[in-house]
Amino acid sequence: MIAGIKDIESEISDVLNEFGIKDNVEIRYSNIENTDIQCNNLVRYSNNPDINDIKDKLGKSLLVHPFIESVEIAQNGFINLNFSNEYLKIFAKNHNSRIISSKKEAILFDYGGPNIGKDLHVGHIRTLNIGRSLYNIFKIAGHDVVSDIHLGDWGMPIGLILAYIEKESIDINSLTYLDLEIIYPKASELSAGNKDFYKEAQEISKKLNSKNEEFLSKWKIIYNLAIPNIKNLLQNLNYEFDLWRGESDVVEEVKRVVADAKEKNLVVEDDGALISTEKVDPPILITKSDGSYLYLTTDLGTVVHREKSQIYDKYIYVVDSRQKNHFEQVFKTVKHFNLSSSSFVHVGFGTVNGPDKKPFKTRDGNVYKLSKLHEDIKEKLKKYNENEEVLNILTNTVLTFSDLLPNRNQNYEFDLEKFTDINGKTGVYIQYAQVRARKLLESNTEIINADVDNEYNPDERKLLVLLSKFDYFYNQSLDNYQPHHLAEYLYSLCQTFNSFYANNKIFSDDVPDNLKLKRIEIVDNFYTLTGLIFNCLGIELVDSM
RNA sequence: GCGUCCGUAGCUCAACUGGAUAGAGCACCUGACUUCGGAUCAGGGGGUUGGGGGUUCGAGUCCCUCCGGACGUGCCA
């Protein structure tokens, strides 16, 4: 909230105190028309015998505050306040200083999580978009943020791939990336109905854990084949990571976590497997009955590995909600095994569905690759713009904005036609508004010198009021790990701007200089804040379109 | 069975975590200075927030109960 609002809160609090009322007074932005901010505390005292005196006193004392131009206390007790234009003008800008966190933390973001051998697909866009957005939002708040893609480059999937290569006598040296993406599904399918093959894969996986040189070198070949491809695609889609660590980096830590837990009697044997001594239902499985490790074990090792180089205050895992139980187990076990004293957060999200309400697949029922989705969006947008660079940013905008708009808690329906439409609540619309503002600022070539007053017409004032509310939406996104608040806000900003724009000419001969300047300042505020929000969401700006 | 998330306009989604008359987009209908920046703008219809009960000055939001859906539930990741 705007600094200074606190003063108003305590003024109200003081008045209430005089009448013997102790209450935690809170001022909030209003969504009532023609009201900027409001206070609801008085409502529950509408039966107080002194209510009229309280209202009187409040009405007078609030009006002398320099921020406040008008005070209206409704019959039912809502206190409605409006900013003076002089201050509104200030509140509509300088947002950065308002959102810097007073307590700076080191935060690690774990998201992305692509697997070697499996292409990135539609199911990955939410972790990528939400992860990147939260990373940016926390960074802007002043935190020390680090992103780690957390590659799935170890364990059974790799065992399966290598077992398949063995079985089919494939020459690993002439393998291409395209072969790799065919091999994994086949191997996975084979393992489902073929126990011997599954066992073989398991053996290879175990050999890798004990650093068997032959398989380690084969693993390396596959790793080197897959990683450049993943990097290339993600770079195209404008996703960057500070760390490219994976499960293969934490093998030693996993072993040590298990050995330590054994030594400290934090695990017991059960059906040949090790489970945590923590009494929870279902029990937490630490190793399989053959002694090999699990997803959970690897995640424990990862925590230890991370803390070897830096201890973070907070770890944020952006992984789909189906894994909620898994992360609860991980976080509990981290504390139980005393592996870290930091805080751990799982940011879950629902699935991306197709028109059939089921996880989005291609028309023929196959996995919808992320690269294909990118191409398909691009194809739809081609008819509006042919510049390759603009087209690429617009494509990424659609891929990001559409995905961040719905609340992450729920599943949502990915509608290619709708999301690439030039009309509606789309990535294209927000880019267009931004470009318009930019063009206006660029047209402002001659420096106008004029005295600008603080009078605003309804369009101008509406935009300024909305601009002033940024910190509310920003904090909603930050506190709840939900970028959609900012995405929704961005859309309404653009809509309000477009309305302002249509009805308020600037570079027209009949517009006097002081009005030109006043409006240009508003446009400048809009453009600056929009840029900041684009940044929060991980969307690049196009120069023109 | 147990657990988690969810059910809001014809469709897709919001709603300041308990605040005032539940908002947007799409679709549908009606308009806009000869387009300039129009990939835009203004307006209209459309709702018993799955049903019922409760708490409260005040409920889409909290509690109970039923109905309906998605997901998870010890050796995949």
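To find a chain, count down the sequence lines: A is the first, B the second, and so on, and within it residues start at 1. Computed over heavy atoms, backbone and side chain alike; hydrogens, waters and symmetry mates excluded.
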Backbone N/O of [Y] and side chain of [X]: donor-acceptor pair under 3.5 Å:
X	Y	value
A:R245	A:I149	no
A:N411	A:N353	no
A:H346	A:V319	yes
A:S508	A:V511	no
A:D153	A:E247	yes
A:D421	A:N423	yes

Given [N], is OP1 or OP2 found less than 4.0 Å from the side-chain N or O atoms of [X]?
X	N	answer
A:Y45	B:rG58	no
A:Q495	B:rG25	yes
A:Q482	B:rU17	no
A:R28	B:rG19	yes
A:S499	B:rA42	yes
A:N498	B:rC41	yes

Output field dot_bracket for RNA chain B (Watson-Crick or G-U, both distances under 3.5 Å, | for other-strand pairs) contains (((((((..((((.....[...)))).(((((.......))))).....(((((..]....))))))))))))....

Taking atom [atom2] of [N] as reference, at what distance in whole Å does atom [atom1] of [X] sit?
X	N	atom1	atom2	answer
A:I422	B:rC41	CD1	C1'	15 Å
A:R126	B:rC71	CZ	C1'	14 Å
A:F349	B:rC6	CZ	P	16 Å
A:H485	B:rG23	NE2	P	18 Å
A:H484	B:rG25	NE2	P	17 Å
A:L120	B:rA77	CG	P	19 Å
A:Y412	B:rC71	OH	C1'	18 Å

Nearest-nucleotide check on RNA chain B, A:A74 vs A:Y429; residue mapping nearer the 5' end is A:A74

Heavy-atom nearest nucleotide on RNA chain B taken for A:E26 and for A:I32; more 5' hit belongs to A:E26

Among [options], which nucleotide sits nearest the side chain of [X]?
X	options	value
A:N40	B:rC41, B:rA39, B:rG19	B:rG19
A:E413	B:rC41, B:rC6, B:rU12	B:rU12
A:Y491	B:rU17, B:rA39, B:rA24	B:rA24
A:P406	B:rC13, B:rA39, B:rA20	B:rC13
A:N76	B:rU40, B:rA20, B:rC6	B:rA20
A:E247	B:rA14, B:rA77, B:rG19	B:rA77
A:Q38	B:rG19, B:rU17, B:rU40	B:rG19
A:M545	B:rC13, B:rG19, B:rA39	B:rA39
A:N411	B:rU40, B:rC11, B:rA70	B:rA70

Is it the case that the base of B:rA20 and the side chain of A:N80 share a donor-acceptor contact (distance under 3.5 Å, atom types as modelled)? yes

Paired with A:V330, the side chain to side chain contact (heavy atoms under 4.5 Å, CB included) test is passed by just one of A:D299, A:T302, A:T297, namely A:D299

Base, sugar-phosphate alone, or nothing: which one does [X] contact when heavy atoms must sit under 4.0 Å apart?
X	value
A:K439	nothing
A:N385	base
A:L440	base
A:H326	nothing
A:N47	nothing

Under the side chain to side chain contact (heavy atoms under 4.5 Å, CB included) criterion, do A:N47 and A:I51 qualify, and how do the steps go? CA-CA 7 Å; A:N47 288 329; A:I51 188 68; over 6 Å; no

Charged N to carboxylate O below 4.0 Å: is that the case for [X] and [Y]?
X	Y	value
A:K288	A:D290	no
A:K186	A:E189	no
A:R438	A:E442	yes

Nearest-angstrom distance, [atom1] atom, [N] to [M]:
N	M	atom1	value
B:rG18	B:rC62	C1'	8 Å
B:rA20	B:rU56	C1'	16 Å
B:rA32	B:rC13	P	35 Å
B:rC5	B:rC41	P	38 Å

List, with names and distances, any nitrogen or oxygen atoms from the protein found under 3.5 Å away from nitrogen or oxygen atoms belonging to nucleotides 72-76 of chain B.
residue : atom : partner : partner atom : Å
B:rG72  : O2'  : A:N325  : ND2          : 2.9
B:rG74  : N1   : A:D270  : OD1          : 3.0
B:rG74  : N2   : A:D270  : OD1          : 3.3
B:rC75  : O2   : A:S289  : N            : 2.5
B:rC75  : O2   : A:S289  : OG           : 3.3
B:rC75  : N3   : A:S289  : OG           : 3.3
B:rC75  : N4   : A:D271  : O            : 3.4
B:rC76  : OP2  : A:Y198  : OH           : 2.6
B:rC76  : OP2  : A:K288  : NZ           : 3.2

Pairs under 3.5 Å (N/O, protein and nucleotides 26-29 of chain B):
residue : atom : partner : partner atom : Å
B:rC26  : OP1  : A:G424  : N            : 3.4

Is A:F78 stacked against the base of B:rA20, taking the criterion as centroid distance under 5.5 angstrom and interplanar angle under 30°? yes

Between atom CD of A:Q431 and atom CD of A:E540, what is the distance when rounded to the nearest 0.5 Å? 9.0 Å

Atom pair CH2 (A:W244) and NE2 (A:H150), whose distance is rounded to the nearest 0.5 Å: 14.0 Å

Pair A:S205, A:I158 - check side chain to side chain contact (heavy atoms under 4.5 Å, CB included), show working. CA-CA 7 Å; A:S205 177; A:I158 303 296; over 6 Å; no

Test applied, side chain to side chain donor-acceptor pair (under 3.5 Å); reference residue, A:W154; option that passes from A:N209, A:T298, A:D249: A:N209

Decide, for B:rU17, between syn and anti: a glycosidic angle within 90° of 0 counts as syn, anything else as anti. syn

